[in-house]
Amino acid sequence: EYGDTLKLSEGGFRVLIGDENVKLPSGELVESGLTFRNEFHLHPLSEADMFVPCGGRPASINLSNVSKFFDKNGKAKFRIIVEGANLFLTQDARIVLENAGVVLYKDASANKGGVTSSSLEVLAAIAMTDEEHKLHMQVTDPQNIPPFYKEYVQQIQERIEENAELE
């Protein structure tokens, strides 16, 4: 259901959000799988060339915890951060990371397409009756996509490209 733990490499582990009191191979005790998942980006094991948070709470990285984005030698754990989630970083945290040489792509730039498309999707839902929405906007057969929907998606994609060019 959640993968075969026998296939994990030495030192690998699995912590599900409903898990409690899981002992990691390092000996660390994870009291709450949910908290571990929500804050893993702050955990010492979390390190990569690029970090792309695409969900989470606003201000997940802020002045009080941005120091956890650096190793014990003061080196940033991520060289590039593409902020796919709205307001994931506070401005103060952003400045600390930029001053350390981290390349940041702000949320307003990185997820402009998602904001545009979801806004227009909501507008369509508000503007149409339930019957009109079902007829024109719901794809029940991938081989028979409603013509209105095809055109609407094309217009949204063009709008996103125009917005990106203006930036």
Side-chain angles (χ1 to χ4, degrees), residues 1-123 125 139 153-167:
E1 180 176 319
Y2 294 106
D4 184 355
T5 56
L6 296 176
K7 294 181 180 180
L8 292 172
S9 63
E10 185 178 331
F13 58 86
R14 177 183 74 187
V15 179
L16 302 177
I17 61 171
D19 288 348
E20 294 178 351
N21 299 316
V22 175
K23 188 174 181 180
L24 301 183
S26 66
E28 176 184 355
L29 183 66
V30 174
E31 294 178 9
S32 163
L34 180 62
T35 300
F36 188 70
R37 189 267 324 256
N38 289 347
E39 297 178 356
F40 188 74
H41 57 279
L42 301 171
H43 193 278
L45 291 174
S46 181
E47 183 177 346
D49 290 333
M50 182 183 292
F51 177 49
V52 186
C54 292
R57 318 268 311 135
S60 289
I61 304 302
N62 54 62
L63 203 52
S64 69
N65 65 17
V66 71
S67 62
K68 293 182 179 180
F69 263 59
F70 297 90
D71 67 17
K72 61 185 176 193
N73 299 316
K75 180 183 174 225
K77 298 189 326 175
F78 306 101
R79 292 184 310 116
I80 302 166
I81 299 175
V82 180
E83 197 176 3
N86 288 331
L87 306 172
F88 194 79
L89 300 165
T90 64
Q91 184 60 25
D92 289 342
R94 193 175 279 114
I95 290 169
V96 169
L97 292 164
E98 286 175 337
N99 287 341
V102 176
V103 176
L104 293 171
Y105 292 90
K106 286 185 69 165
D107 53 358
S109 298
N111 69 10
K112 198 173 290 276
V115 171
T116 300
S117 61
S118 64
S119 297
L120 293 172
E121 184 179 6
V122 169
L123 176 62
V139 178
V153 168
Q154 180 62 39
Q155 289 177 9
I156 291 171
Q157 289 173 332
E158 289 170 4
R159 172 65 61 89
I160 291 168
E161 290 175 17
E162 289 170 10
N163 290 346
E165 287 178 21
L166 290 173
E167 191 170 305

Check: [Y] and [X] side chains under 4.5 Å, non-hydrogen atoms:
X    : Y    : answer
L42  : F69  : yes
Y105 : I80  : yes
L24  : F36  : yes
F70  : L97  : yes
R159 : I156 : no
P53  : I81  : yes

Only counting residues at least two apart or in another chain, list the ones meeting side-chain hydrogen bond (donor to acceptor under 3.5 Å, both in side chains) with [X].
X    : answer
N86  : N111
E31  : none
S64  : N62
Q154 : E158

Residues that [X] engages under side chain to side chain contact (heavy atoms under 4.5 Å, CB included), provided they are two or more places apart:
X    : answer
E121 : none
E161 : none
T35  : S32, E39
S9   : none

Give every residue pair that meets the salt bridge (Lys or Arg N to Asp or Glu O under 4.0 Å) criterion with at least one member in residues 52-62, sequence neighbours excluded.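 Passing the test, one end in residues 52-62: no pairs.
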Among residues two or more places apart or on two chains, list those pairs meeting salt bridge (Lys or Arg N to Asp or Glu O under 4.0 Å) that have a residue in residues 3-12.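 Applying salt bridge (Lys or Arg N to Asp or Glu O under 4.0 Å) to every pair that reaches into residues 3-12, excluding sequence neighbours, yields nothing.
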As an exercise, state the distance from NZ of K77 to CG of L45, rounded to the nearest 0.5 Å.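 Rounded to the nearest 0.5 Å, the NZ-CG separation comes out at 8.0 Å.
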Nearest-0.5 Å distance, CZ of residue F88 to CD1 of residue I61: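 F88 atom CZ to I61 atom CD1 measures 5.0 Å (nearest 0.5 Å).
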Taking N73 for its side chain and K75 for its backbone only, find out whether a donor-acceptor pair lies under 3.5 Å.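 No.
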Donor-acceptor check, side chain of D107 to backbone of L87, threshold 3.5 angstrom: yes or no?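 It does hold such a pair.
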How would you list all residue pairs meeting side chain to side chain donor-acceptor pair (under 3.5 Å) that involve residues 17-28, not counting sequence neighbours?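 Those involving residues 17-28 are E28-H43.
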Residue list, salt bridge (charged side-chain N to carboxylate O under 4.0 Å, His left out) with R79, at least two apart or on another chain: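 Scan of R79 (salt bridge (charged side-chain N to carboxylate O under 4.0 Å, His left out), adjacent residues dropped) gives D49.
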